Amino acid sequence: MSLPRPVSDTLIELLKPVASELGERLGASAVNERFAEIEPSGSSVLKQQIKKDPRWIKAQVRYLQRQQAREQELIAIAGAEEEWVKQERANRIKAEEVRDQRAISRLCRDLMREFQSEAIRVKLSEIQIIWDRDNWFSNLSRQETEQILQQQQHRLLLLVAPAKISQDCPDSFRHNLNIELPAKLRAFLNQHYPQYGDLSPVQFYGDYFKKAISDIDVERLQTVLSPVPTAILYSDISDYEVNFHLGFWGIINQSVSLIAMQPWNWEEVYHQLEAEGKDEKLSLRIIRQIIVTIHKLLAAFLADLYYLNIDFTHEPQLLKLEAEFAQEWFSKDWALPYIETLKEIQDQQRIVYKGEMRRLALREAKARAERKRLEEAELKRREAVEEASKRAKELAHKLTNLKWRCVYTLPGHSSFVNSLAISPDGKILASGSWDKTIKIWNLETAEIIGTLTGHTDRVNSVAISYDGKMLVSGSSDETIKFWNLQSGDLLCTFPGHSMEVNSVAINPKRLVIASCGGADNTIKLWNLRSGELLRTLKGHSDNVNSVVFSPDGKILASGSSDATSKVWDVESGKLLRTLSGLNVGVNSVAIAPDGQILASVSNDYTIKLRNLHTGSLLRILNTNYARGKGVANLGMNEALHILQNYVSRGDSVAISGDGLTLASGCDDNTINIWNLQTGELLSSLKGHSGTVYSVAIAPSGNLLASGSADQTIKIWRCD
């Protein structure tokens with residue numbers, strides 16, 4: 001349903017000048033003052049701070065490199081024969097571009113908030129003086145004001161004040177408008193500009209002001225909130241017209257900008273609606289809805305203008321909201337001036353940024369040439385050192401590793417081998433790599449059976465179901481994939497986490513898989529057959545690096561960079577216990593076949609063995625002290641063993657099916673074999689030329705697979 005054309009035309013003429021004026025005032029910084037918004041002088045000090053920050057420079061260089069790589073790939077796929085291949089790869093490239101742009105946006109906002117911190121600290125110290133000096137502030141909540149200043153996230157603050165409504169207005173206005181306006185504006189912003197969203201966060205207050213405000217009140221408030229970019233919407237309504245007002249600061253400089261729209265004769269619209277046959281109740285309701293919709297339009301426009309000025313990657317949300325307004329008697333022509341203004345400023349931003357990137361590309365090309373020269377010199381030196389080290393390791397291997405021997409080296413991957421899994425019958429090996437592929441191998445012949453492709457970023461984890469029929473993989477492309485292990489067919493794909501998927505595990509007793517992500521610090525449980533998300537486990541405060549199920553499928557253990565391991569109940573998702581006391585992050589976890597021992601590998605070069613059900617530390621072993629000697633009992637309440645290796649950091653751990661041995665992969669390129677019962681170091685297997693990222697032991701216990709940064713897999717046999 002739409003408004004009568006005369007009403008719609010009147011509103012278009014009312015709204016158009018505001019788009020132009022706001023664009024000129026807020027968009028003027030698009031070319032010359034992209035980041036300037038805080039300094040009292042209105043200078044571009046903040047812009048210069050950000051551009052000189054090493055973190056910003058590094059991010060821009062990385063973005064430029066990835067952008068150039070994407071451009072080359074787009075050129076390469078133009079010659080692909082299959083149209084669906086072109087489309088699939090183009091979609092992946094587009095998704096990568098969006099992820100990179102959002103990362104740049106987040107960094108920009110983080111740096112702006114960091115550089116604002118001193119100005120915010122000063123304002124917090126001045127609040128008492130300001131509150132005592134001006135009685136008007138007693139109308140506001142000091143606690144809310146301090147919370148606004150203390151907010152750690154950089155965002156646009158948007159406030160709406162109660163409308164000042166004349167006593168001569170209809171009861172419908174005085175009773176309902178100030179209820180509808182904040183409620184509907186809050187719902188609109190929460191949906192399209194959520195405060196904790198990645199794109200254009202807006203912190204909204206609909207009840208900050210206890211009564212109607214005027215221009216002078218906006219200027220008063222700016223004395224407190226000047227470090228926070230702020231937009232304020234307020235209006236007054238007489239018995240025949242509405243006056244809309246906007247106040248804002250912190251977009252180009254600290255000075256307050258005040259804009260008033262031309263008065264809107266609502267009474268004239270009322271009579272036009274009445275002539276259309278609408279009754280009084282409906283006509284007044286439509287007029288109230290128009291007032292609310294104008295507030296939504298202005299709020300969206302202000303938010304998009306602000307983020308266009310500070311972020312070259314910002315895609316204005318208003319361009320996508322035509323349907324939102326069309327549901328509210330809204331003609332798309334109303335928003336057209338606002339959309340055109342946003343597009344013009346967006347084009348200016350892109351021109352400016354392309355110029356900056358060209359200059360950056362020239363500097364980076366010179367730096368790259370110098371780095372290449374230095375790297376070539378360093379490579380020659382390292383090759384000589386590594387060759388000497390390799391010969392020494394091979395000799396040490398012959399002398400010390402008398403039981404385990406390498407029977408195969410599988411060179412099929414073109415990047416780090418990040419994860420391994422062996423089928424329950426011990427015949428099949430699956431390997432995941434940074435080269436974005438999964439390879440399936442025959443363990444008996446060392447022949448490659450097939451290569452599974454589909455991930456668009458490195459494969460971080462693979463797991464084989466306990467019936468040996470299905471393979472699950474997790475990747476840095478943020479997805480989890482299910483595969484038919486026999487045919488190699490991709491069964492389904494679903495989003496995993498907000499960034500990379502670090503680890504996946506399959507429950508041995510239930511149709512459940514667990515996955516853990518990077519930046520979102522969570523663990524997710526999924527239905528193995530349908531891919532349905534069952535629940536999300538929250539509790540870690542940093543990246544979750546590894547997950548593993550107990551043999552009975554009832555318990556899940558996790559290891560995180562927050563220096564803890566956690567134990568969870570699978571059925572309820574309840575956190576059972578947190579195993580702290582670790583010095584640094586946990587890279588990998590494993591549970592013994594009897595379900596009693598949890599092994600965790602940390603960045604402090606230790607493997608800790610704990611009782612899974614109590615969390616108590618069970619064993620301590622100093623490699624240099626206890627090799628072959630055993631370890632003294634340290635007392636009932638003290639740990640008995642810690643497996644410690646002073647020359648390497650453990651990256652992965654696996655326990656044999658008989659529960660007698662534990663294998664650990666290390667960043668000194670070795671695999672250590674331990675006796676779980678005594679803590680004795682049995683063997684140190686050497687042969688890899690890079691960090692050993694993954695180890696897996698066959699059910700028989702006499703076959704071991706290791707995956708490394710040297711792009712190979714090695715198969716070891718114990719005779």
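This structure is a prediction, so every number in the text was calculated from the model and none was measured.
- Between Pro699 and Pro424, the shortest heavy-atom contact is CG-O, 3.2 Å.
- Judged purely by distance below 3.5 Å, without hydrogens or angles, the side chains of Ser476 and Asn460 pair a donor atom with an acceptor atom.
- Side-chain contact between Arg66 and Arg62 is present, with at least one heavy-atom pair separated by less than 4.5 Å.
- Between Gln151 and Leu157 there is no side-chain heavy-atom pair separated by less than 4.5 Å.
- The one candidate from Thr479, Ile480, Ile523, Leu533 that meets the side-chain contact (heavy atoms from CB on, under 4.5 Å) condition with Ser515 is Ile480.
- Of the N and O atoms on the side chains of Ser656 and Thr661, at least one donor lies less than 3.5 Å from an acceptor on the other residue.
- No side-chain heavy atom of Ile671 sits less than 4.5 Å from a side-chain heavy atom of Trp404.
- At a threshold of 4.5 Å between non-hydrogen side-chain atoms, the residues Leu525 and Leu556 count as touching.
- Counting heavy atoms from C-beta outward, Thr536 and Asp520 have side chains that stay 4.5 Å or more apart.
- Counting only distance, with no hydrogens or angles, the side chain of Thr564 and the backbone of Thr578 share no donor-acceptor pair below 3.5 Å.
- Side-chain contact check for Asn672 versus Ser684: some heavy-atom pair is nearer than 4.5 Å.
- Between Val589 and Ser565 the shortest side-chain heavy-atom distance falls below 4.5 Å.
- Going from atom CG of Asn521 over to atom OG of Ser558 covers 11.5 Å, rounded to the nearest 0.5 Å.
- Nearest heavy-atom pair, Val547 versus Ala505, reported as atom, atom and distance to 0.1 Å: O-CB, 3.6 Å.
- Using a cut-off of 4.0 Å between Lys/Arg side-chain N and Asp/Glu carboxylate O, Glu500 and Arg458 are scored as not salt-bridged.
- Distance check, rounded to the nearest 0.5 Å: CG of Asp552 to CG of Asn507 gives 8.5 Å.
- Checking Leu704, Val695, Leu662 one by one against Ile673, the side-chain contact (heavy atoms from CB on, under 4.5 Å) holds for a single residue, Leu704.
- Judged purely by atom type and a 3.5 angstrom limit, Ser503 has no side-chain atom pairing as donor or acceptor with the backbone of Cys516.
- Taking the side chain as every heavy atom from C-beta outward, Asp477 and Lys436 never approach each other to under 4.5 Å.
- Side chain of Asn502 to main chain of Val544: a donor-acceptor pair is present (N/O by atom type, distance under 3.5 Å, no hydrogens or angles).
- Counting non-hydrogen atoms of neighbouring residues, nucleotides and ligands closer than 6.0 angstrom, the CD atom of Gln150 exceeds 12 such neighbours.
- Of all the heavy atoms in Phe482 and Asn527, the pair that sits closest is CE1-O, 3.9 Å.
- By the 30° and 60° cut-offs, the orientation of the rings of His497 relative to Trp526 is perpendicular.
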Begin from the C-alpha positions of Lys538 and Thr522 and carry the test side chain to side chain donor-acceptor pair (under 3.5 Å) through to its verdict. CA-CA 5 Å; Lys538 298 181 180 180; Thr522 65; over 6 Å; no
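- For Ser461 (side chain) and Val504 (main-chain N/O), a donor-acceptor pair under 3.5 Å exists by modelled atom type.
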How far apart are the C-alpha atoms of His613 and Ile555, what are their side-chain angles, what is the distance that settles it, and do they pass the side-chain contact (heavy atoms from CB on, under 4.5 Å) test? CA-CA 9 Å; His613 303 286; Ile555 291 176; 3.8 Å; yes
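- When all heavy atoms are compared, the tightest approach of Ser415 to Ser433 is O-OG, 3.3 Å.
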Show your working on side-chain contact (heavy atoms from CB on, under 4.5 Å) between Asp710 and Asn669 and close with a plain yes or no. CA-CA 9 Å; Asp710 65 10; Asn669 313 337; over 6 Å; no
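- Asp457 and Ser475 get closest at one heavy-atom pair: O-OG, 3.1 Å.
- Judged by distance alone, the side chains of Thr670 and Lys686 never bring a donor and an acceptor atom under 3.5 Å apart.
- Note: Ile713 CD1 to Lys439 NZ = 9.0 Å, rounded to the nearest 0.5 Å.
- In this structure, CD1 on Ile148 lies 14.5 Å from NZ on Lys123, to the nearest 0.5 angstrom.
- When the salt bridge (Lys or Arg N to Asp or Glu O under 4.0 Å) test is applied to Arg55, the partners found at least two apart in sequence or on another chain are Asp53, Glu114.
- Ring geometry for His314 against Tyr307 counts as tilted: the plane angle lies between 30° and 60°, on a 0 to 90° scale.
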Derivation of the side-chain contact (heavy atoms from CB on, under 4.5 Å) call for Arg610 and Leu617: CA-CA 4 Å; Arg610 298 178 181 270; Leu617 189 60; 3.9 Å; yes
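- Put simply, CG on Leu149 and CD on Glu144 are 12.5 Å apart, with the number rounded to the nearest 0.5 Å.
- Nearest heavy atoms, Ser431 versus His413: OG-NE2, 2.7 Å.
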Would Gln153 and Gln203 count as a side-chain contact (heavy atoms from CB on, under 4.5 Å) here? Give the steps. CA-CA 10 Å; Gln153 178 198 28; Gln203 182 181 15; over 6 Å; no
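- His688 NE2 to Asp667 CG: the interatomic distance, rounded to the nearest 0.5 Å, is 13.5 Å.
- For the pair Arg155 (side chain) and Tyr196 (backbone), a donor-acceptor distance under 3.5 Å is absent.
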